[in-house]
Amino acid sequence: MKNSYIYFFFLISLLGCSKAIAPVDSALDQQILHFGNGSEPQGLDPHIVTGVPEHHLLIAMCEGLTIANPKGGENLPGVAKSWTISPDGKTYTFFLQEDAKWSNGDLLTASDFVWSWMRILTPSLGSQYPDMLYYVKGAPEYHQGLTDDFSSVGVTAVNDYELKVELTNATPFFIKLLSHYSTYPVHKDTVLKHGTIDDRNGQWTRPGNFVCNGPMNLKTWELNKEITVEKNPLYWDASNVRLNEIRYYPVSNESTEDRMFRAGQLHVTNVVPLEKCPVYIENENPDLRIEPYMGTYFYRVNTNHPVLKDKRVRLALAYALNRKQIVEKVSKCGQLAAYSFTPPGTAGYEPDTSISFNPELAKSLLAEAGYEDTSTFPVLEILFNTQEGHRKIALAVQQMWQQNLGISVQLVNQDWKVYLAREMTGDFQISRAGWIGDYEDPNTFLDTLRPNRGNNKTGWENQEYDDLLAIANSTNDQALRYEYLNQAEKLLISEMPIIPIYTYVKAYQISSDVKGWYPNIIDTHHPKFIYLER
Amino acid sequence: MLQVILKRIAIAIPVILVVASITFFLVRMAPGGPFDAEKVVPPQVMKNLNAVYNLDAPLLVQYKDYMFNLVQGDFGPSFRYPGRSVTEMIFTGLPVTLELALYAILIAMVIGGVAGVLAAVKRNTALDYIPMTIAMIGICMPTFLLGPLLVLFFGIHLELLPVSGWGSLSGDKILPSITLGAAYAAYIARLSRGGMLETLGQDYIRTARAKGLPEYQVILRHALQGGLVPVVSFLGPAIAGLIGGSFVVETIFQIPGLGRFYVEAAFNRDYTMILGTTIFFSALIIFFNLLSDIAVLLMNPRARSEA
């Protein structure tokens with residue numbers, strides 16, 4: 001009988017429910033942003049975590065020397081109100097905001113940056129982003145344990161509000177790096193109160209312990225449910241922050257996120273479900289946004305493979321793909337056909353490369369490589385991680401190569417970690433890959449294919465390419481630099497160790513109540529500019 | 001009875017240790033490691049990370065260290081979530097999963113039990129065929145279909161209930177509980193119908209009727225106890241299954257339960273988390289099976305005398 005009461009209670013609760021007020025409606029007055037954040041963040045320590053959900057949280061709660069410009073273009077002042085660069089481009093002097101404070105009220109000074117950069121470069125911390133500071137003089141040597149004297153690293157607090165940074169080479173994109181969370185300061189006393197400088201498991205990032213210097217403060221953190229941040233009244237620019245609270249939901253299931261948005265539980269989604277995107281485009285969904293994104297979807301070629309080491313074969317494979325058809329008929333979510341590795345428009349850089357769809361040329365290249373009779377061409381494998389979108393693209397590529405070149409390809413899908421392990425050990429022939437830039441500059445793409453870079457994975461090495469990048473990154477003249485990078489890009493495309501397929505777009509849904517949110521190629525939307533208004 | 005319980009516990013301990021050992025070596029045999037990512041971790045950093053988590057020691061040494069910590073109740077730190085221990089994560093997700101499982105099993109028992117008993121009593125009538133057909137559909141319909149259907153209808157079209165969450169918005173626990181409970185309600189309906197039919201054919205029921213007892217008393221006082229024995233023996237594995245299998249419902253409804261941690265740990269190669277949750281679930285399954293066996297012993301005199 002007791003159970004019957006519960007059953008009765010459920011029925012009554014269901015029938016008794018009236019139309020609920022959607023959270024996005026009640027959020028307007030209180031300025032609470034409901035944000036779909038993809039997945040549960042690994043943590044909130046800016047020197048340890050990697051990933052996009054973590055990035056969303058950290059730009060709200062902490063701040064580096066500069067912040068990314070929400071409208072694109074040059075970075076804006078962050079903790080540094082201004083800076084000067086020496087004529088040789090190797091010495092940067094940052095002048096810090098004098099009213100910059102930590103969320104516990106302590107003053108934020110230049111020595112906080114020195115200590116924080118020492119922390120991320122401490123080898124035993126096991127940070128995965130120390131290379132963001134490798135441009136600083138002496139930083140790689142310190143991180144690799146060649147010296148334990150941090151004074152040899154080119155970062156010095158001249159006084160409380162002046163920070164001097166010396167670089168090994170002129171690095172024109174250095175200011176852009178400084179909005180990345182790995183370069184953020186952390187509060188020394190708080191970190192040390194809960195562990196040592198290299199403690200990965202310190203409890204300083206928990207609510208109640210967390211101290212940082214951004215426009216928002218950590219309020220609550222319920223694992224796999226919600227992270228709430230609230231306005232930080234001690235932030236130096238607090239008077240311009242209009243949001244009172246942001247609630248981040250780690251919704252990893254795209255369909256769930258879509259339903260939450262439709263039910264008024266979210267203002268912004270992280271993605272749009274693959275199958276819904278073409279439908280929303282067709283129905284002209286007013287909340288749908290499709291914006292260029294600084295990422296490239298490509299096929300990585302193992303140039304150590306006996307057949308694929310011949311660049312004519314690689315070029316033939318690239319020319320036999322109709323990229324336009326792939327983006328229009330297969331991916332169908334506004335992606336742009338890619339003819340370069342670096343997405344066009346990255347920090348004003350426009351790669352001058354082309355990859356024509358030319359089956360005849362492709363066939364003749366294959367014939368030149370000794371495969372006039374394509375029946376002698378071995379069956380190649382395309383490796384990809386299990387995901388419907390990747391499978392569809394692989395199927396289209398398989399069909400295009402069969403149709404345009406007469407060669408057979410096998411599709412091999414693997415669990416994410418197995419796929420990564422196979423790529424890393426070179427146990428693949430052609431594999432699906434994607435690269436999202438860490439900062440807005442062509443170097444974040446082109447650098448990956450230099451010899452001895454872990455992310456190269458193709459086995460392709462080219463001295464001329466390496467030299468061009470080295471020259472480009474030591475010149476201070478941006479136009480000249482882009483010219484060198486363009487030459488490198490052309491060389492890369494003429495060798496085709498990677499076959500670009502499309503440039504990513506960021507497809508998501510956003511409520512019309514959200515203002516101060518601008519499209520930008522790095523998909524960074526700093527909370528201090530966002531507010532709600534209907 | 002006490003002897004039976006002690007015997008079962010004595011068997012459970014080596015079972016859990018064997019499960020832990022097999023899982024330990026299986027996860028290590030799987031390709032890929034916890035720190036592999038699309039952006040390759042530099043060798044120096046990987047070396048540091050392996051040192052931090054004792055992954056640079058020989059495998060047998062790691063096994064010995066893990067088992068040594070395990071018997072002291074220490075599941076170790078999560079590799080995926082720095083600063084979180086596996087124990088903390090299990091006990092964060094567990095109450096939510098248990099609550100969800102409890103509501104689901106209550107719904108399953110009430111709906112399934114009533115439908116099954118009614119179907120048995122009104123055998124070969126519409127009251128038998130209709131609930132049993134619905135039960136069959138319920139068994140066949142996967143939660144990943146039922147959940148979104150309920151959400152579309154009650155959440156998006158009628159706007160009566162929240163489409164996701166757990167304890168954040170009023171009424172957000174209703175749809176996930178129904179979704180998870182539905183399939184089990186169907187099983188219970190079929191089991192209780194079968195059990196009741198068998199019991200209703202027994203001599204002691206005929207005796208009760210011959211004494212002139214009203215039919216409702218025959219069913220409630222005499223038939224029900226015997227008729228529900230199959231349901232009770234099903235409940236142990238069912239609750240364990242609900243807890244372990246709640247992943248899909250937790251994902252559909254964005255519920256911060258243990259199921260999501262478990263599955264994500266496997267994808268992330270979060271070694272300690274996979275081990276911790278596997279061992280914990282094994283212990284739970286053993287515990288609920290034991291509870292259900294005890295309940296059967298209490299309800300069934302024949303089983304008691306055999307024990």
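As the structure is a computational prediction, the values presented were derived from the model and not from experiment. Reminder, nothing fancy here: chain letters follow the sequence lines and each chain counts from 1.
Counting heavy-atom neighbours within 6.0 Å of B:Q225 CD, excluding the residue itself, gives a total of 12 or less. Heavy-atom neighbours of A:Y134 OH from other residues, nucleotides or ligands within 6.0 Å: above the threshold of 12. More than 12 non-hydrogen atoms from other residues, nucleotides or ligands lie less than 6.0 angstrom from OH of B:Y66. B:K39 NZ: more than 12 foreign heavy atoms inside a 6.0 Å radius.
Proximity to chain A (any heavy atom under 4.5 Å) is shown, for B:V163, by both the backbone and the side chain. With a 4.5 angstrom heavy-atom cutoff, A:E226 touches chain B only via side-chain atoms. For A:W204, no part sits under 4.5 Å from any heavy atom of chain B, backbone or side chain. Interface remark: A:P23 contributes side-chain atoms only to the contact with chain B (heavy atom separation under 4.5 Å). For A:H194, no part lies under 4.5 angstrom from a heavy atom of chain B. Within the 4.5 angstrom heavy-atom criterion, only side-chain atoms of A:R206, from C-beta onward, approach chain B. With a 4.5 Å cut-off on non-hydrogen atoms, B:P43 does not touch chain A at all. Of the two parts of A:R262, only the side chain, counted from C-beta on, holds a non-hydrogen atom closer than 4.5 Å to a non-hydrogen atom of chain B. For A:S124, the part lying under 4.5 angstrom from a heavy atom of chain B is the backbone only. For A:D131, the part lying under 4.5 angstrom from a heavy atom of chain B is the side chain only. Only the side chain of A:M424 comes within contact range of chain B, with at least one heavy atom under 4.5 Å from a heavy atom of that chain. With a threshold of 4.5 angstrom between heavy atoms, B:T92 approaches chain A through side-chain atoms but not through N, CA, C or O. Neither the backbone nor the side chain of A:S255 comes within contact range of chain B; no heavy atoms are under 4.5 Å apart. Within the 4.5 angstrom heavy-atom criterion, atoms from both the backbone and the side chain of B:I252 approach chain A. For chain B, the nearby part of A:I48 is the side chain; its heavy atoms alone come within less than 4.5 Å. Only the side chain of B:Q44 comes within contact range of chain A, with heavy atoms under 4.5 Å apart. Using a 4.5 Å cut-off between heavy atoms, B:Y53 touches chain A through its side chain atoms alone. Proximity to chain B (any heavy atom under 4.5 Å) is restricted, for A:Q265, to the side chain, taken from C-beta onward. With a threshold of 4.5 angstrom between heavy atoms, A:D199 does not approach chain B through any atom at all.
Put simply, of A:T448, A:N253, A:D415, the one with the most heavy-atom pairs under 4.5 Å next to chain B is A:D415. Note: B:V151 leads B:V151, B:I255, B:N50 in heavy-atom pairs under 4.5 Å with chain A. Among the candidates A:E423, A:E40, A:Q414, A:Q144, the residue making the largest number of heavy-atom pairs closer than 4.5 Å to chain B is A:E40. Of the listed residues (A:P41, A:G264, A:P250, A:G202), the one with the most heavy-atom contacts under 4.5 Å to chain B is A:P250. In terms of heavy-atom pairs under 4.5 Å with chain A, the best-connected choice from B:R80, B:K47, B:E38 is B:E38. Note: B:P256 leads B:G155, B:G32, B:P256 in heavy-atom pairs under 4.5 Å with chain A.
Using modelled atom types, one side-chain atom of B:R269 and one backbone atom of B:P31 make a donor-acceptor pair closer than 3.5 Å. No donor-acceptor pair closer than 3.5 Å links the side chain of A:D447 to the backbone N or O of A:T444. Distance alone, capped at 3.5 Å, places no donor-acceptor pair between the B:S85 side chain and the B:S78 backbone. At least one donor-acceptor pair closer than 3.5 Å links the side chain of B:E250 to the backbone N or O of B:R260.
A salt bridge links B:K173 and B:E99; the closest N-O separation between the charged side-chain nitrogens and carboxylate oxygens is under 4.0 Å. Of the charged side-chain nitrogens involved, at least one lies within less than 4.0 Å of a carboxylate oxygen, so that A:E245 and A:R247 count as a salt-bridged pair.
Here the CZ-OG1 distance, from A:F210 to A:T205, works out to 7.0 Å after rounding to the nearest 0.5 Å.
Cation-pi check for B:R84 over A:W221 is met; the charged atom lies under 6.0 angstrom from the ring centroid and within 45 degrees of its normal.
Between B:Y81 and B:F261, the ring-plane angle classifies as perpendicular under the 30° and 60° cut-offs.
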**OP:** Assess whether side chain to side chain contact (heavy atoms under 4.5 Å, CB included) is satisfied between B:S192 and B:L228, documenting all intermediate values.
**Re:** CA-CA 6 Å; B:S192 54; B:L228 291 185; 3.8 Å; yes
Original post:
Would B:T272 and B:F75 count as a side chain to side chain contact (heavy atoms under 4.5 Å, CB included) if you check the C-alpha gap in whole Å, the side-chain angles of each, and the deciding distance to 0.1 Å?
Top reply: CA-CA 7 Å; B:T272 43; B:F75 286 117; over 6 Å; no
